[in-house]
Amino acid sequence: GAVVSQHPSWVICKSGTSVKIECRSLDFQATTMFWYRQFPKQSLMLMATSNEGSKATYEQGVEKDKFLINHASLTLSTLTVTSAHPEDSSFYICSARVRGASGGYEQFFGPGTRLTVL
Amino acid sequence: AQTVTQSQPEMSVQEAETVTLSCTYDTSENNYYLFWYKQPPSRQMILVIRQEAYKQQNATENRFSVNFQKAAKSFSLKISDSQLGDTAMYFCAFILYTGNQFYFGTGTSLTVIP
């Protein structure tokens, strides 16, 4: 199946700094990628849809100035958490959408990035 | 609006036994895909099984099978011959055929007891 990577897998930063998380599709091109946030023992919460070459679409309640998304190429989307605060500590997961053989879409998930803000 | 409900937050099963995880969903659309994902302690989301809504036959992948009842909007997962490695969070999800967004349930934490 398609492989999605994320870097870094774990990042610890001081409050007030910005952190960039990369999501790459390794063996395919992804025009659309998704960013999720997951709190401990909870489900995945969709933050935004990242479209190559255009602005990201954010879900209601997600601050676009806080969570900057850039999808500069067909294999890379980045999420930058600006001026991070302890409440931004979470597990961030990206996924890429791929069209399956039957015509419908599937999503392949990256391994996630654990962000800890001190 | 699309919703997915998993009514069992936690379940346990003895090794080698069979367990069924329940999932119900709600949509007014007719064409969609249903999924079960597994998230082990590593937190990597792993696709377990996939079902196209237009197919009446229930999907099967080795020890994993589903009971898809479209009219009832029910999509349960049966794990046979449970193994210790099956211990994980299991999420039910669906996506409209022409849709963009995955809708996830709240998850069921499954523990396989040796």
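Numbered from 1 within each chain, the chains take letters A, B, ... in sequence-line order. Model, not experiment: these values are computed from the prediction.
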Across all chains, not counting sequence neighbours, the ring pair (Phe, Tyr, Trp, His ring centres under 6.0 Å) partners of A:Tyr92 are none
Can you tell if the side chain of A:Leu46 reaches within under 4.5 Å of the side chain of B:Gln101, non-hydrogen atoms only? yes
Shortest non-hydrogen pair, A:Ser43 vs B:Phe104, comes out as OG-CB, 3.4 Å
Turns out that what part of B:Gln39 lies under 4.5 Å from chain A's heavy atoms comes down to side chain
Okay, B:Phe35 and chain A: the region with an atom under 4.5 Å from a heavy atom over there is side chain
Rounded to the nearest 0.5 angstrom, the CD1-CD distance for B:Ile95 and A:Gln107 is 5.5 Å
| message | With a 4.5 Å cut-off on side-chain heavy atoms, are A:Leu44 and B:Met45 touching? | response | yes
query = Is the number of heavy atoms from other residues, nucleotides or ligands under 6.0 Å of A:Glu87 CD greater than 12?
reply = yes
**OP:** State plainly whether one hydrophobic cluster holds both A:Val81 and A:Leu118, where clusters connect Ile, Leu, Val, Met, Phe, Trp and Tyr through side-chain heavy atoms under 4.5 angstrom apart.
**Re:** no
Can a donor-acceptor pair be found, under 3.5 Å and without considering hydrogens, that links the side chain of B:Gln44 to the backbone of A:Phe109? yes
Is there a continuous path of hydrophobic side-chain contacts, each under 4.5 Å between heavy atoms, that joins A:Ile69 to A:Val11?
yes
For A:Phe34, the ring pair (Phe, Tyr, Trp, His ring centres under 6.0 Å) test, sequence neighbours excluded, returns none
Run B:Thr106 and A:Gln42 through side-chain contact (heavy atoms from CB on, under 4.5 Å) and show every step you take.
CA-CA 6 Å; B:Thr106 50; A:Gln42 293 191 23; over 6 Å; no
Would B:Leu77 end up clustered with B:Tyr33 when hydrophobic side chains under 4.5 Å apart are linked, directly or stepwise?
-> no
May I ask you to check whether over 12 heavy atoms, not counting those of A:Lys66, lie within 6.0 Å of atom NZ? yes
Under 4.5 Å to a heavy atom of chain A? For B:Tyr37 that would be side chain
So, the part of A:Gln38 with a heavy atom under 4.5 Å from chain B: the answer is both
Does the separation of the ring centres of A:Tyr36 and B:Phe102 fall below 6.0 angstrom?
no
Heavy-atom count around B:Lys73 NZ within 6.0 Å, excluding the residue itself: above 12?
yes
